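Right, one structure below, let's go through it.
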Amino acid sequence: MLVGQNNKHYLRGIRLDEVIEMLDRTTKRLQKLLEETKSKTNQQATTYAQVLQAATTTQEQKIKIFIARNLELDRIDRLSSQLGLLYTLQIFAFKVKVLEVSISNMNEQMTKSGLTQKNGELEDVKKNIDALKILVEAQYEAMKQIHEDQNKTLNYIY
């Protein structure tokens, strides 16, 4: 998702703390869903194995079981991949937050020590942090959109 002029103002309205909190909630929800899906798939695996070994199982039933099992494994793989991306995004967002706090503290210390003129480099770093914040927020919004699109696309399967 590209950050356009209209989105830029919206994204700046979201504080980085809120994004970190949303990422945390989303990660926990996705982790729970992944664990539930793994558990369900493990339970189904024994049932599938029994049905596949039964002498009365038709070829059509075997194919349906194979497809169902592969769909569940693909879902687990997709959820694991999304979870990995969320963890990476959380780390990135947290590091941006640490940088933001550090710059704020440096600026405060400079002001307290009587250095009223701001260093141009410090302002450049602040601008870069703002750009990183926008990137984190845009990446999160893009991931939400991808997840929504995948759900719309894959709903007919379930």
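It should be emphasised that the depicted structure is a prediction, and the values quoted were computed from it without experimental measurement.
- Separation of atoms CD1 (Ile91) and CG (Leu23) is listed at 11.5 Å; rounding is to 0.5 Å.
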**Request:** Show your reasoning for whether side chain to side chain contact (heavy atoms under 4.5 Å, CB included) applies to Asp77 and Ser81.
**Result:** CA-CA 6 Å; Asp77 187 47; Ser81 178; 5.5 Å; no
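- Under the 3.5 Å distance criterion, with hydrogens and angles disregarded, a donor-acceptor pair is assigned to the side chains of Tyr87 and Gln31.
- Atom CD1 of residue Ile63 and atom OG1 of residue Thr57 lie 12.5 Å apart, to the nearest 0.5 angstrom.
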**Request:** Start with the C-alpha distance between Ile67 and Lys64, add both sets of side-chain angles, then the distance that settles side chain to side chain contact (heavy atoms under 4.5 Å, CB included), and finish with yes or no.
**Result:** CA-CA 5 Å; Ile67 291 171; Lys64 284 181 181 180; 5.8 Å; no
**Request:** Kindly determine whether Leu132 and Phe92 satisfy side chain to side chain contact (heavy atoms under 4.5 Å, CB included), including the steps that lead there.
**Result:** CA-CA 9 Å; Leu132 288 172; Phe92 186 69; 3.5 Å; yes
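- Atom CZ of residue Arg29 and atom CZ of residue Arg25 lie 9.5 Å apart, to the nearest 0.5 angstrom.
- Distance check, rounded to the nearest 0.5 Å: CD1 of Ile129 to NZ of Lys97 gives 10.5 Å.
- Residues forming a side-chain contact (heavy atoms from CB on, under 4.5 Å) with Lys38 (at least two apart in sequence, or on another chain): Leu34, Glu35, Ile76.
- Within the 3.5 Å criterion, the main-chain N or O of Arg69 finds no donor-acceptor partner in the side chain of Glu72.
- Note on Leu33 and Leu89: same hydrophobic cluster, where clusters join Ile, Leu, Val, Met, Phe, Trp and Tyr whose side-chain heavy atoms are under 4.5 Å apart, directly or indirectly.
- The nearest pair of heavy atoms linking Leu83 to Leu30 is N-CD2, 3.5 Å.
- Within the model, atoms NZ of Lys40 and CZ of Arg75 stand 6.0 Å from one another, a figure rounded to the nearest 0.5 Å.
- At most 12 heavy atoms of other shown residues, nucleotides or ligands fall within 6.0 angstrom of atom CZ in Phe94.
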**Request:** Just do the side chain to side chain contact (heavy atoms under 4.5 Å, CB included) check on Lys28 and Asp24 with the steps written out, would you?
**Result:** CA-CA 6 Å; Lys28 287 177 181 174; Asp24 187 49; 3.2 Å; yes
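- Interatomic distance, CD1 of Ile20 versus OG1 of Thr27, reported as 11.5 Å (0.5 Å rounding).
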**Asked** Does the salt bridge (charged side-chain N to carboxylate O under 4.0 Å, His left out) test come out yes or no for Arg78 and Asp74, once each step is laid out?
**Response** CA-CA 6 Å; Arg78 189 177 65 250; Asp74 285 346; over 6 Å; no
